[in-house]
Amino acid sequence: MQYIQISGKKQLGGEIALHGAKNSVLPILAGTVLIDGTSTLHNCPDLSDVAACCDIIRHLGGSVSRTDDVIFADTTAITQCEIPKGLMEEMRSSIIFLGSLSARCGKACMYLPGGCKIGARPIDIHIKSLRTLGYHISFDGSNICCEKANAKGGSVTLPFPSVGATENVILASVLLGGVTTIINAAREPEITDLADYLNSAGAKISGAGSSVIRIEGVARLQSAEHTVIPDRILASTFMSAVAAAGGDIVLKKVNISHLSPILPVFEEMGCKFFAGHGELKIKSPHRIKSVKRITTGVYPSFPTDSQAPVMASLCTAKGSSVITETIFENRLQHAGQLSRFGADIVVSDRTAFVTGVKNLHGAAAYCTDLRGGAAIIIAALAAEGDSQIYKIHHIDRGYENIERQLSLLGADIRRKYDEKEQ
């Protein structure tokens, strides 16, 4: 079993370039299924979730290869319309293949997806939205089949601006006859990135990034080339790390506008920013200050994916902070693991009350999920002494070689193999 060993209390410094956004590349890879040709995707991180997506495309009949951070996906020969349980359970977002595969092949059947157990991610919004367009869907609680039948463009109003449902409707609509309008659509930058990729292949999508998206159906999509946007959640993770451990770092290949929901939180902590063209320098004070209240929400509110890393940094802040999670009901599981380092956190329902302590101590802790794992690493970076982080497969889903990246910033962090565990 692999684990991560960290010797804490090392200030961070230096420069680090952000890899591509996990939450962009996954729906884009699902979108390659729609292409009658080859997609060349730049700035693709080497993540286990990305590998799982590529395995699904290969199973469907496509070919996928990688050179450094460039993925080449040739989906010309796709004929398979079923995704088995083993592949679906590799990641939660695999449900986004429902719209693209049924649009391409006329039918798609798959098992319910797996992934982090951070709360219910009901697919009822996906099902209702696709049915509105005329797709026929059968669902037995474990397996779902979607048939294109006589589906055509129409108006879809989402009861909640779900990112996944917005992506599925976009993917299911680009090859339909007529015009599809998504009302109350998700506005995240990753939605815009998906639309930009599909438009480069010949789709006609407008309004992405706003609450109303319009898709004019086209007959086919052709080969395309696209560069994935930088990962804003990775940026917030590095920012949380320097806020907790101290020092100053420069983030390169960053889209600062995508960070607008989180920058005020770090300013309230007392961090200083210096923005340049495509880069951002963040400098931590000797000891950060607490934040009065953080409430997660859909974009442009504070992102749920940044909640756990920021909580970890606030464990040593001066004063008390209140964090309320509104997206996933189980996304405060990491609080118990942070307490192993000496953090003072009280959780009530979906709210965490974090009272900063002067010092954390090294501990052995377990990753509860992807972003919770990042939080535990941050706590270990700020703690005195050595720490061991287990179940790091969660981290590998969304962070490319996290130990190498943090080592470049001066952290004492290594990936090790526990022979006794074997």
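Heads up: numbering here begins at 1 and tracks the sequence. Remember, predicted model here, so these are calculated numbers, not experimental data.
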Keeping to residues at least two apart or across chains, list the salt bridge (charged side-chain N to carboxylate O under 4.0 Å, His left out) pairs with something in residues 226-245. Glu190-Arg232
Quick test of your reading: applying side chain to side chain donor-acceptor pair (under 3.5 Å), list the pairs with at least one residue in residues 270-279, sequence neighbours left out, ordered by first then second residue. Lys252-Glu279
Residues at least two apart in sequence or cross-chain that pass side chain to side chain donor-acceptor pair (under 3.5 Å) with Arg404, listed by chain then number, are none
Please list, chain by chain and in numerical order, all residues satisfying side-chain contact (heavy atoms from CB on, under 4.5 Å) with Ser100, sequence neighbours excluded. Ala30, Val33, Leu34, Phe97, Leu171
Salt bridge (charged side-chain N to carboxylate O under 4.0 Å, His left out) contacts in which one or both residues fall within residues 286-297, not counting sequence neighbours: none
Filter on side chain to side chain donor-acceptor pair (under 3.5 Å), then keep only pairs touching residues 255-267, sequence neighbours left out; what's left? Asn255-Ser257, Asn255-His258
Taking only residues two or more places apart in sequence, or in another chain, which ones meet Cys109 in a disulfide bond (SG atoms under 2.5 Å apart)? Cys145
Can you name the side chain to side chain donor-acceptor pair (under 3.5 Å) partners of Gln337, sequence neighbours left out? Arg340
Checking Asn23 now: which residues fulfil side chain to side chain donor-acceptor pair (under 3.5 Å) with it, not counting sequence neighbours? Asp305
Under the salt bridge (charged side-chain N to carboxylate O under 4.0 Å, His left out) rule, what pairs show up with a residue in residues 312-324, not counting sequence neighbours? none
Test of understanding: with ring pair (Phe, Tyr, Trp, His ring centres under 6.0 Å), list the residues that count as partners of Tyr3, not counting sequence neighbours. Tyr390
Go through the structure and list residues passing side chain to side chain donor-acceptor pair (under 3.5 Å) with Arg415, not counting sequence neighbours. Gln2, Asp396, Glu403
